[in-house]
Amino acid sequence: QPETAAVLKRTVEALMERGAVVRNLENLGERTLPYKITKHKERHKRGGYFLIDLEAPPSLVSPMMDHLGRDIDVIRRAFIKHPLAKAEECSGILPVSPEQKLLSAKKN
Amino acid sequence: QPIQMENPYKDPPKRCVLCGISVDYKNVQLLSQFVSPYTGSIYGRHITGLCNKKQKEITKAIKRAHVFGFMPVMFKNPQFLTDPKLCNIKY
């Protein structure tokens, strides 16, 4: 457990060094991985999941992926765009007229 | 003289199961409901009965969950096998 804390500290410091603003750090728990992952010549079965909320320029992504790839304690790394909560206007399934169905040319 | 108005007897638009629910790659339980328990393959639109947008979001989220190590690929997580059935499939 102190090792995970050290890993997190390392990554957050590396991020701040390159000029990223860390907004939030969430721990999604430690669980058995859905499949065994081989990384750095070791077969891993359990892992801790962490989510870091970032604000950073896009030029940060490639050097950070390199940096995290070299870290032995990091099994899998990824960067995702922050999901904007905008999907509240789902209007439901709109009825399609039979002419449109013929035009869409579905091979059925 | 008849007054022009739109059909007052129209049904409200049909909503799919996920209309209004935001899809996230993190809630594996929701995503596992649209995956086969035997092969782990994602069900098509004719089985899930979701609208265009939601089906696309679900597939993208499932693929993301596979890559990031949240959801198993070749099978369904046995924890979620007894979830309520959302898809129109007969085993």
Side-chain angles (χ1 to χ4, degrees), chain A residues 4 7 11 24-40 42-54 61 64-65 68-69 71 73-97 100-101 104 106-108, chain B residues 6-7 9-32 35 37 39-40 42 44-58 60-81 86 88:
Chain A
T4 38
V7 172
T11 34
N24 200 8
L25 170 54
E26 280 167 20
N27 180 1
L28 305 165
E30 191 189 301
R31 4 176 171 159
T32 38
L33 303 172
Y35 43 91
K36 294 177 240 189
I37 303 183
T38 316
K39 196 78 182 155
H40 297 116
E42 238 190 64
R43 209 98 194 273
H44 299 277
K45 286 190 211 164
R46 284 193 70 89
Y49 292 76
F50 295 95
L51 177 68
I52 308 181
D53 258 335
L54 269 223
V61 173
M64 267 323 283
M65 295 291 263
L68 290 167
D71 194 340
D73 295 318
V74 174
I75 304 177
R76 206 156 266 193
R77 56 210 197 275
F79 278 89
I80 319 171
K81 279 201 282 192
H82 199 65
L84 307 152
K86 210 193 95 167
E88 303 286 340
E89 312 160 0
C90 201
S91 60
I93 307 178
L94 302 162
V96 182
S97 73
Q100 257 188 326
K101 274 202 195 159
S104 73
K106 239 164 104 176
K107 287 189 189 161
N108 233 2
Chain B
E6 49 175 89
N7 188 356
Y9 299 107
K10 237 190 210 169
D11 308 315
K14 274 193 282 194
R15 308 189 74 85
C16 69
V17 188
L18 294 183
C19 257
I21 304 176
S22 62
V23 171
D24 201 8
Y25 67 93
K26 284 173 253 155
N27 60 350
V28 184
Q29 188 161 35
L30 172 67
L31 296 177
S32 298
V35 159
T39 56
I42 311 175
R45 197 161 313 169
H46 55 292
I47 301 179
T48 59
L50 295 170
C51 35
N52 241 320
K53 277 194 288 185
K54 285 297 169 180
Q55 178 77 21
K56 203 67 195 271
E57 276 176 38
I58 286 262
K60 292 230 111 169
I62 292 178
K63 295 255 167 168
R64 264 195 183 165
H66 284 168
V67 162
F68 296 157
F70 280 102
M71 196 160 101
V73 188
M74 304 295 312
F75 54 92
K76 189 152 115 167
N77 203 329
Q79 223 186 348
F80 305 133
L81 271 183
L86 285 183
N88 183 15

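Just the heavy atoms: all of them, side chains too, but no hydrogens, waters or symmetry mates, feed the values below. Each chain gets a letter, A, B and so on, in the order the sequences are listed, and its residues count up from 1.
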For residues 25-34 of chain A, tabulate all N or O donor-acceptor pairs below 3.5 Å that involve a side-chain atom, not counting sequence neighbours.
from	atom 1	to	atom 2	distance (Å)
A:Glu26	OE2	A:Asn24	ND2	3.3
A:Asn27	OD1	A:Gly29	N	2.8
A:Glu30	OE2	A:Arg46	NE	3.2
A:Arg31	NH2	A:Leu28	O	3.4

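By the side chain to side chain donor-acceptor pair (under 3.5 Å) test, B:Asn27 is found to be paired with no residue, residues two or more places apart in sequence or in another chain being considered. Every residue two or more places apart in sequence or in another chain was checked for a salt bridge (Lys or Arg N to Asp or Glu O under 4.0 Å) with B:Lys14, and none qualifies.
Within the 6.0 Å centre-distance limit, the rings of B:Phe70 and A:Tyr49 are counted as a close aromatic pair.
Residue A:Ile37 does not touch chain B at all, counting heavy-atom pairs closer than 4.5 Å. Heavy-atom distances place no part of B:Val23 under 4.5 Å from chain A, backbone and side chain included.
Chain A forms more heavy-atom pairs under 4.5 Å with one residue of B:Asn77, B:Leu18, B:Val67, B:Asn52 than with any other, namely B:Val67. Among B:Cys19, B:Gly49, B:Gly69, B:Pro12, the residue with the largest count of heavy-atom pairs under 4.5 Å with chain A is B:Gly69.
Annotation for A:Met65: atom CE counts as buried by contact number, over 12 foreign heavy atoms lying within 6.0 Å.
Contacts between residues 74-82 of chain A and chain B, counted as heavy-atom pairs separated by less than 4.5 Å, involve A:Arg76, A:Ala78, A:Ile80.
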